[in-house]
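Keep in mind it's a predicted model, so treat the numbers as computed, not measured. When a residue number appears, it is its place in the shown sequence, counting from 1.
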Amino acid sequence: MPNAREIRNRISSIRETRKITNAMYLISSTKMRKAKREWDQTRPYFEALRAEVKRIFRTSQNVESRYFFPPEGEPPIRGTYGCLVITADKGLAGAYNQNVIREAQRLMEGHPDMKLFVVGEYGRQFFMRRNVPIERSFLYTAQNPTMQRAREISAELLERFDSGELKKIFVVYTDIRNSLTETVNSTRLLPFHRSTFAARADEKKREETTFEFLPSLTQVLDSIVPSYVSGFIYSALIDSFCSEQNARMSAMYTANQNAEKMLDQLALEYNRIRQAAITQEITEVAAGARAQRERKARGNES
């Protein structure tokens with residue numbers, strides 16, 4: 001059974017740890033708000049790009065592009081696939097990293113020759129320890145997603161797709177639905193489905209103006225797609241970063257709650273031991289006083 005001094009030391013240690021977890025909670029909250037604000041500032045541009053792609057398909061349903069499946073459907077595509085895996089740089093975020101890794105492994109089981117492109121130190125170290133080959137590891141930190149980094153990633157993936165080295169490209173990232181739900185998404189980045197950009201019935205009715213695309217629909221579409229891909233990757237980086245911070249906030253909140261419970265239990269145990277020590281001291285003093293009285297009484301009798 002621990003003594004009072006050991007319990008005091010443990011209480012002091014837990015309080016110091018709680019200061020750290022509380023600071024991490026506040027830092028994650030600030031980072032998440034900042035990332036969301038930056039994405040909200042750039043979102044309109046990429047929504048406008050998406051609208052232009054939809055306009056092209058409203059103008060002509062049969063436009064040809066290497067970035068889209070043919071109009072008649074999705075033919076089977078054989079060859080090497082690529083997968084961009086977005087993880088964090090560190091842990092202490094609950095099951096955030098493990099969920100992303102698990103989804104990436106599920107994709108790799110169906111395509112053993114899949115080439116991995118990894119963002120985040122956690123994922124890089126995970127695959128290296130298991131001797132899983134990584135085609136390209138983007139060494140900059142996942143803690144600071146920027147549009148420039150998204151363009152660098154998209155340029156690498158598009159170059160391999162255009163050359164025919166990669167037939168399909170997937171992105172595995174985490175999307176934050178709300179403050180309580182985080183979902184790991186496995187999205188095929190390229191080639192696109194035409195149905196993804198299909199216009200709704202109300203949009204078709206509203207579209208009455210005829211547009212002319214120069215030099216051609218295909219060339220205009222091929223020039224828009226790289227920017228759209230960069231925007232998609234940027235949004236995936238932002239979503240993953242926000243999900244990581246949200247997961248870390250949840251983990252730190254739980255750690256703070258557990259620390260409070262442990263402190264309450266230790267305080268109760270400390271008070272018990274302290275009370276027992278006080279009771280023992282009183283008993284010893286009373287016993288000593290009684291022994292002195294008895295010895296004095298025997299001396300008087302003699």
To the nearest 0.5 Å, atom CD of Gln125 lies from atom OG of Ser137 at 9.0 Å
What closest approach, in Å, do Cys83 and Val172 show between heavy atoms, and which atom pair accounts for it?
SG-CG2, 3.6 Å
I'd like to know if the side chain of Asn97 and the backbone of Ala88 have a donor-acceptor N/O pair within less than 3.5 Å.
yes
Decide yes or no for Lys168 and His111: does some side-chain heavy atom of the first lie under 4.5 Å from some side-chain heavy atom of the second?
no
Set out, in order, the CA-CA distance, both residues' side-chain angles and the distance that settles side-chain contact (heavy atoms from CB on, under 4.5 Å) for Leu84 and Leu189, then state yes or no.
CA-CA 9 Å; Leu84 175 65; Leu189 179 61; 6.0 Å; no
May I have the step-by-step check of side-chain contact (heavy atoms from CB on, under 4.5 Å) for Lys167 and Tyr81, ending in yes or no?
CA-CA 6 Å; Lys167 300 300 182 182; Tyr81 292 178; 4.2 Å; yes
Going through the distances and angles, do Glu152 and Phe138 end up as a side-chain contact (heavy atoms from CB on, under 4.5 Å)?
CA-CA 9 Å; Glu152 292 176 5; Phe138 299 97; 5.6 Å; no
Is it true that, when you exclude Arg290 itself, more than 12 heavy atoms of the residues, nucleotides or ligands shown sit nearer than 6.0 Å to its CZ?
no
Enter the distance from Thr254:OG1 to Met249:CE here, rounded to the nearest 0.5 Å.
11.5 Å
Indicate yes or no for a side-chain donor-acceptor contact from Ser28 to the backbone of Tyr25 under 3.5 Å, with no hydrogens or angles considered.
no
For the student: nearest non-hydrogen atoms of Ile11 and Ala267, plus distance
CD1-N, 4.3 Å
Tell me whether the count of non-hydrogen atoms from other residues, nucleotides or ligands lying under 6.0 Å of CZ in Arg18 goes above 12.
yes
Distance col, row Thr17:OG1 vs Asn22:CG, nearest 0.5 angstrom, shows 12.5 Å
Ser243 side chain to Thr174 main-chain N or O, any donor-acceptor pair under 3.5 Å?
yes
Main-chain N/O of Pro191 paired with Arg188 side-chain donor or acceptor, under 3.5 Å
yes
Within the side chain of Asn246, is there an N or O that forms a donor-acceptor pair under 3.5 Å with the backbone of Cys242?
no
Would you say Ile86 and Ile233 make side-chain contact, with heavy atoms under 4.5 Å?
no
Any Tyr122 side-chain heavy atom under 4.5 Å of Glu244 side chain:
no
Derivation of the side chain to side chain donor-acceptor pair (under 3.5 Å) call for Gln245 and Tyr96
CA-CA 10 Å; Gln245 302 309 318; Tyr96 167 80; over 6 Å; no
Indicate, with yes or no, if Ile134 and Val85 share a hydrophobic cluster defined by side-chain heavy-atom contacts under 4.5 Å among Ile, Leu, Val, Met, Phe, Trp and Tyr.
yes
First locate atom CD1 of Ile169, then atom CG of Leu157, and finally report the distance between them rounded to the nearest 0.5 Å.
4.5 Å
Counting only heavy atoms from other residues, nucleotides and ligands, does the tally under 6.0 Å from CZ of Arg66 exceed 12?
yes
Report yes if some heavy atom in the side chain of Tyr234 is under 4.5 Å from a heavy atom in the side chain of Ile153; otherwise report no.
no
For residues 106-119, pull every pair meeting salt bridge (Lys or Arg N to Asp or Glu O under 4.0 Å), keeping only residues two or more places apart or in separate chains.
Glu103-Arg106, Lys115-Glu165
Look only at the side chain of Ser154 and the backbone of Arg151, and say whether a donor-acceptor pair between them is shorter than 3.5 Å.
yes
Side-chain (Asn99) to main-chain (Ala95) donor-acceptor, under 3.5 angstrom
yes
Cluster question for you: counting only ILVMFWY and a side-chain heavy-atom cut-off of under 4.5 Å, with indirect links fine, are Ile27 and Met252 together?
no
Using every non-hydrogen atom in the two residues, find where Ile101 and Gly123 come nearest and quote the distance to one decimal.
CD1-CA, 4.0 Å
Name the orientation class of the two ring planes belonging to Tyr228 and Phe192 (parallel below 30°, tilted from 30 to 60°, perpendicular beyond 60°).
perpendicular
Show the nearest heavy-atom pair for residues Gly120 and Asp89, with the distance to one decimal.
CA-OD1, 3.4 Å
Exactly one candidate in Leu166, Thr80, Leu107 meets side-chain contact (heavy atoms from CB on, under 4.5 Å) with Met114; the answer is Leu107
Classify the ring geometry between Phe232 and Tyr173 as parallel (under 30°), tilted (30 to 60°) or perpendicular (over 60°).
perpendicular
With a 3.5 Å distance limit and no angle check, can you tell me whether Asp175 reaches the backbone of Asp239 through a side-chain donor-acceptor pair?
no
When you compare the side chain of Arg149 with that of Val119, does any pair of heavy atoms fall below 4.5 Å?
no
Expected output: side-chain Ser12 to main-chain Arg8 donor-acceptor under 3.5 Å:
no
What's the verdict on side-chain contact (heavy atoms from CB on, under 4.5 Å) for Glu156 and Glu135, showing C-alpha distance, side-chain angles and the deciding distance?
CA-CA 11 Å; Glu156 174 82 16; Glu135 183 69 18; 5.9 Å; no
Rounding to 0.5 Å, atoms CE (Met262) and CG (Asp264) come to a distance of 11.0 Å
To the closest 0.5 Å, what do you measure between CD (Glu269) and CD1 (Ile273)?
5.0 Å
